[in-house]
Amino acid sequence: MTSARGLVAAQSARFAALDPLLPPATEPPMDGHVITAALADGERVAGVISHQRFDRLSTTRLWSAAEVWELLPLVGDTQGMDALLKRWRRHLDTQEIGEDTACVVHWPSRDTKAARAFLDHGLVPLSVLGIRLRTPHPHVPRTLTIRRATPHDLEVVLELSLVELEYSSFVGSTIVRPEAPALKRRALTDRLNNASPIWLAERDGIAVALAECAIVSSEPGTSAAARLPRGRWGYVNCVSVLPGARGSGIGQQLVAYAHQELHRMGAVGTYLYYNPPNPLSSVFWPRQGYRPLWTVWEVRPASALR
Ligand SMILES: CC(C)(COP(=O)(O)OP(=O)(O)OC[C@H]1O[C@@H](n2cnc3c(N)ncnc32)[C@H](O)[C@@H]1OP(=O)(O)O)[C@@H](O)C(=O)NCCC(=O)NCCS
């Protein structure tokens, strides 16, 4: 236990030195499978493997494999990621692994030495948690009508959301499953009924883009605390511009408006996930002021971990 605490403290110091926006490392939950590895210099590193199955009606399945082994590394300030990944691979040899499976690790984007180890073991940087602090950004002139979506807008919100899901399924973690329309309909109905911060951009009275957002609190004990500095954050869950309307400044206008409103609601900054292989969003989000904080390394199926 003492050495696990020592690793957590050393890992926190490593995170702070890498990136001032990373929250301190936390002790991994003890309900997973613990692995350890000895390094050449006698130091030891550890990790917890959490194994989860998502049922057919879980919305998580829209962006995740049905069965996931997630590694929560505890490598302190060592270069022990490679040794830990080798140990993880050996653990998987003892498991029955189907096709709809993945191995996942979240790790600070700026830790390039660890990135080398992830790449060497067959993991790919499939998603990035991008963050943007509330700082003055250039004013974007508004030519569109932008308004808050209401429960009456369900059909158009659903349509734009499914368009994004389909586009992202070619370039990221999203999967278009047969249940997708029903699952999205259920989730969006709830969010619209709860007056979640969702905006539509209209041109000539026709909705051409959607920004579906939320307010998330990062406080001790919340799941957000493992990823974000403390405070109230705007989460940009889905931005979608109709295919024929892309590349004409609509996304930029809508996002500028959403940022302004989320900050008015008290957000210290905003964050989102995007896929580095997405040729639109990987350019779009950095242009809107986002930069990588965490990279989600993933390999599917889980048996492909090297
Ligand atoms: C990503 C998306 C929301 C951007 O909205 P958009 O209205 O097309 O983007 P804009 O016209 O406002 O362009 C803003 C910036 O994005 C980038 N961009 C736009 N079109 C691009 C293209 N075809 N290729 C590369 N970059 C592009 C540019 O950097 C542009 O800024 P600049 O003109 O100042 O250089 C939209 O393209 C979209 O819905 N894509 C499909 C779904 C998706 O990927 N959603 C995001 C998931 S995280």
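Here the structure is a predicted model, which is why all the values come from computation and not from measurement. This chain uses plain numbering: 1 for the first residue, then up along the sequence. Order of appearance sets the numbers: ligands from 1, and atoms from 1 within every ligand. Computation of the quantities below employed the complete heavy-atom set of this structure, encompassing side-chain atoms and omitting hydrogens, waters and symmetry-equivalent molecules.
- Between Tyr273 and Tyr235, the two ring planes are perpendicular [angle over 60°; tilted spans 30° to 60°].
- Close approach of ligand 1 to Ser240 (heavy-atom distance below 4.0 Å) involves ligand atoms 39 (O).
- Here is the list of ligand 1 atoms found below 4.0 Å of a heavy atom in Ser248: 11 (O).
- In terms of protein heavy atoms, atom 38 (C) of ligand 1 is closest to Arg246 NE, 3.4 Å.
- Taking every non-hydrogen atom of Gly247 and a distance limit under 4.0 Å, the qualifying atoms of ligand 1 come out as 6 (P), 7 (O), 8 (O), 11 (O), 20 (N).
- With a heavy-atom cut-off of 4.0 Å, Pro279 touches ligand 1 through its backbone alone.
- Salt-bridge formation is detected for the pair Glu155/Arg185: a Lys NZ or Arg NE/NH1/NH2 atom is positioned less than 4.0 Å from an Asp or Glu carboxylate oxygen.
- Residues in residues 17-26 take part in these salt bridge (charged side-chain N to carboxylate O under 4.0 Å, His left out) pairs, two or more places apart or across chains: Asp19-Arg110, Asp19-Arg291.
- Taking the ring centre of Trp294 as origin, the terminal cationic atom of Arg227 falls inside the region bounded by 6.0 Å and 45° from the ring axis.
- Nearest protein heavy-atom contact of atom 44 (O) of ligand 1 is Asn278 ND2, 2.8 Å.
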Would Phe15 and Trp107 count as a ring-ring contact (aromatic ring centres under 6.0 Å, His included) if you check the C-alpha gap in whole Å, the side-chain angles of each, and the deciding distance to 0.1 Å? CA-CA 10 Å; Phe15 284 4; Trp107 200 248; 5.4 Å; yes

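- Donor-acceptor pairing under 3.5 Å is recorded for the side chains of His106 and Glu70.
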Pair His33, His91 - check ring-ring contact (aromatic ring centres under 6.0 Å, His included), show working. CA-CA 9 Å; His33 178 84; His91 170 72; 4.2 Å; yes

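- Closest to atom 21 (C) of ligand 1 by heavy atom, among Val208, Leu280, Val241, Asn237, is Leu280.
- Closest approach of Leu183 to Ser58, counting heavy atoms only: CD1-O, 3.8 Å.
- The nearest heavy-atom contact from the protein to atom 7 (O) of ligand 1 is Gly251 N, 2.8 Å.
- Because its NZ or CZ atom is both nearer than 6.0 Å to the ring centre of Tyr167 and within 45° of the ring axis, Arg246 counts as a cation-pi partner of that residue.
- Ranking the protein heavy atoms by distance from atom 48 (S) of ligand 1 puts Trp285 NE1, 3.4 Å first.
- The distance from ligand 1 to the heavy atoms of Tyr167 drops below 4.0 Å at these ligand atoms: 41 (C), 42 (C), 44 (O).
- For atom 4 (C) of ligand 1, a protein heavy-atom neighbour is present inside the 4.0 Å cut-off.
- Residue contact check: Val239 has heavy atoms under 4.0 Å from atoms 3 (C), 45 (N), 46 (C) of ligand 1.
- For the pair Leu71/Leu85, a side-chain contact is recorded, criterion being any heavy-atom separation below 4.5 Å from C-beta on.
- Remark: ligand 1 atoms within the under-4.0 Å shell around heavy atoms of Gly249 are 10 (P), 11 (O), 12 (O).
- Residue contacts with ligand 1 for Gln252 involve both N, CA, C or O and side-chain atoms from C-beta outward (heavy atoms, distance under 4.0 Å).
- For the pair Arg230 (side chain) and Ala225 (backbone), a donor-acceptor distance under 3.5 Å is absent.
- Of all the heavy atoms of Phe284, the ones lying under 4.0 Å from any atom of ligand 1 are found in both the backbone and the side chain.
- Backbone and side-chain nitrogen or oxygen atoms of Arg287 are examined, and one is located within less than 3.5 angstrom of a nitrogen or oxygen of ligand 1.
- Distance from atom 47 (C) of ligand 1 to its nearest protein heavy atom, with residue and atom name: Glu164 OE2, 3.4 Å.
- For atom 33 (O) of ligand 1, no protein heavy-atom neighbour is present inside the 4.0 Å cut-off.
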Would you tabulate the side-chain donor-acceptor contacts of residues 139-146 under 3.5 Å, counting partners in other chains and residues two or more places apart, or write 'none'?
unit_1	atom_1	unit_2	atom_2	d
Thr143	OG1	Gln253	NE2	2.7

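- Protein heavy atom in closest approach to atom 18 (N) of ligand 1: Val283 CG1, 4.8 Å.
- Contacts of Leu272 with ligand 1, taken as heavy-atom pairs under 4.0 Å, are absent altogether.
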